[in-house]
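Let me begin by presenting the structure, written as structure tokens, before commenting on it.
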Amino acid sequence: MAMASETTLVTTRNESGTKWWTRFLDPSEGTLAVLLLMPAALLLTLIIVYPVCRLIWTSFQNLSLTSGVPATFAGLENYTLMLEDPVFWETTWNTVLITLITVPGALLIGMALALMANLPFNVKWPVRLSLLIPWALPLSFAGLIFAWFFHSEYGVVNDVLRRLGIEGVIWFNSANWAFAAICLTIIWKTSSFMALIILAGLQTIPRSLYEAADVDGAGRLRQFFEITLPLLKPAIVVALIFRTITALQTFDIPFTMTRGGPGTSTATLAMYIHQNTVDFLDLGYGSALAVVMFALSMGVTAIYLRMIRAKG
Amino acid sequence: MSSVSFRKLEKNYGALRIVKGINLEIADREFVVLVGPSGCGKSTTLRMLAGLESISGGEIRIGERVVNKLPPRERDIAMVFQDYALYPHKTVYENMAFSLKVRGIPSAEIKPRITQASEMLGITQLLERKPSQLSGGQRQRVAMGRAIVRRPQVFLFDEPLSNLDAKLRGQVRTEIKRLHQAIGTTIIYVTHDQVEAMTLADRIVILKGGEIEQVGTPDEVYNSPASVFVGGFIGSPAMNFAKGTIRGGQVMFDGGAGIPLQGHLALKPGGLEGRDVIVGIRPEHFMPAGEGHALSGQVQVVEPLGSDTLIHFALGSSMLTARVAPEMRPSPGETLSIGVDPSRIHLFDAATEKALV
Ligand SMILES: Nc1ncnc2c1ncn2[C@@H]1O[C@H](COP(=O)(O)OP(=O)(O)OP(=O)(O)O)[C@@H](O)[C@H]1O
Ligand SMILES: [Mg+2]
């Protein structure tokens, strides 16, 4: 009651135009929207827009903390340098390759895990828990564990191979094997995340649809392709967006497993950025590399979003 | 089109007995309604017939085939689900075409079938829509269309009208009946609504606690209920029940009033002498004072319905409801004088609650 009568009072005063700020006490819908969005917008500006702008700005500068020279405007120098930098091309290629291998890999395995976890188990929590654990494990932890798994002498992988009568390899001495080990580790680590999202999607599909399909005469395989897969599409796209962006930023697992070696054969773009900014303190060049990675992520997101919109 | 038979059909979930040995023969082209209160095993029975639920004991035949072990797709049945279960990502046309496509029917044949079914159901203008763009009634029709195009041996309906509002329910009910008259396929229809059962069925099967309480035509179950349960379940407003004793060719209520036994009830009054009974009187079998056998009671509540008036009155320790002509408007507290047709009362054994005579 008190509130209501106060509002009336303010409105009357507003109409007679006494106090300008009373507008905010009885805002129009548009003003209200702006007011309500303001805090979030401010926060976003502070933690995202500003750093990104700073990053882009820095990428056009000569700013190396080791040179002792103050920053100067460099134009596109960092970018032209990049085009001629073989390590940039190699790490970018590695990153793209890791993305192309581990995203579909994790999708397929995650889908299989989700379908298994969705079977009518009597006790559901052990299944759910075993899906959650790899996901909850820190990335660098997974990298360290798998570095041991793939250890040429003490590793469990070579041990199993030996027992099967197959000669193991010195995984981290060969560029290709090291790369394979990293991809396997990433797939292991990330397929549970895929599985969790897909499982959530699976559980929104009503059972009666499958019963209807049973009565309609569709077999299991047909049900999967005609019901499960189309209805999972939104969940899959969301999982793919998240997974692809994190794949483009791959750092922890190769860093802990190989440090990018042998040579730079398993280094990723994120590791190269880290090296330039943190180890070499070349903030200008590092920023330019980061801008490229940012552009890659945005490009991929745009493609996925277009896929969703085309569907809707 | 085909007959269906259940022989000693059972369903157990562990130690829990849900369906307890049902025997039922359903003729070809018959419209049978399974009706009963919630949890009595109607859906379970239907789903066992569809093959969506395993059978714990007994036998189900469709035509001459025992189908106990057959998967749903080999039973040649079509089912309309309570939630319709339309494929949300497929258009109405694709929903209806799906089962035909799966069975490898050429699309040149699919199209005329769908056209025919959608004309019959009045959904031709909806064929390109997705289920999310349809109203509840339209979805219901599409679900029926999906069943019809199959031309199965048997149609199964599990409470197909329960998600519709009252008016639409009446409308679609009529359509289902018309549909059955047009295509003649055997229909087994589950509902908990006795009005649906009465209006649709050739024969009604009343289930209670996983057992058949009575099977009969709508007239049979209405006129000769086999038990207190059936008497109370079929008919609206529900049948009145009062405790009484047979004495000297009369059924005496505990308040002192009595009704003489007449017609089929009078045939063996000697055999019933002294028996404790439950008397069942349908509200519509009361008559204006002066006709039939006179009873009097105290009016408690009067409910005018426009077409009739419902009078709730006390007779001894029992509360009874009478449906009488709309002009009759006694006041609460008044002593009501009302007639009853002695030949239309029902007597049930007080202990077993089964019909006497
Ligand atoms: N999977 C199950 N495990 C144990 N009991 C079950 C299971 N499925 C159903 N029941 C039980 O079987 C009984 C019959 O269920 P059913 O679905 O056939 O009832 P209904 O007659 O269709 O009722 P309604 O009118 O509410 O749909 C219910 O008591 C239910 O609790
Ligand atoms: Mg049911």
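Proteins get letters first, then strands, A, B, ... in listed order; numbering begins at 1 in each.
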**Message:** Can you confirm whether A/F141 is buried at CZ, in the sense that more than 12 heavy atoms of other residues, nucleotides or ligands lie under 6.0 Å from that atom?
**Reply:** no

**Message:** Which one wins on heavy-atom pair count under 4.5 Å against chain B: A/G217, A/G219, A/A213?
**Reply:** A/G217

**Message:** Quick check: under 4.5 Å, non-hydrogen atoms only, which of residues 58-89 of chain B neighbour chain A?
**Reply:** B/P72, B/R73, B/I77, B/A78, B/M79, B/F81, B/D83, B/A85, B/L86, B/Y87, B/P88, B/H89

**chain B contact via A/L231 - side chain, backbone, both or neither, heavy atoms under 4.5 Å** = side chain

**chain A-proximal positions within residues 95-106 of chain B [heavy-atom distance under 4.5 Å]** = B/F98, B/S99, B/K101, B/V102, B/R103

**Asked** Would the number of heavy atoms belonging to other residues, nucleotides or ligands and lying under 6.0 Å from CZ of A/F294 be above 12?
**Response** no

**Asked** Around A/F242, counting heavy atoms of other residues, nucleotides and ligands shown, do more than 12 lie under 6.0 Å from its CZ?
**Response** no

**Least distance between heavy atoms, B/R150 atom then A/V215 atom** = NH1-O, 3.3 Å

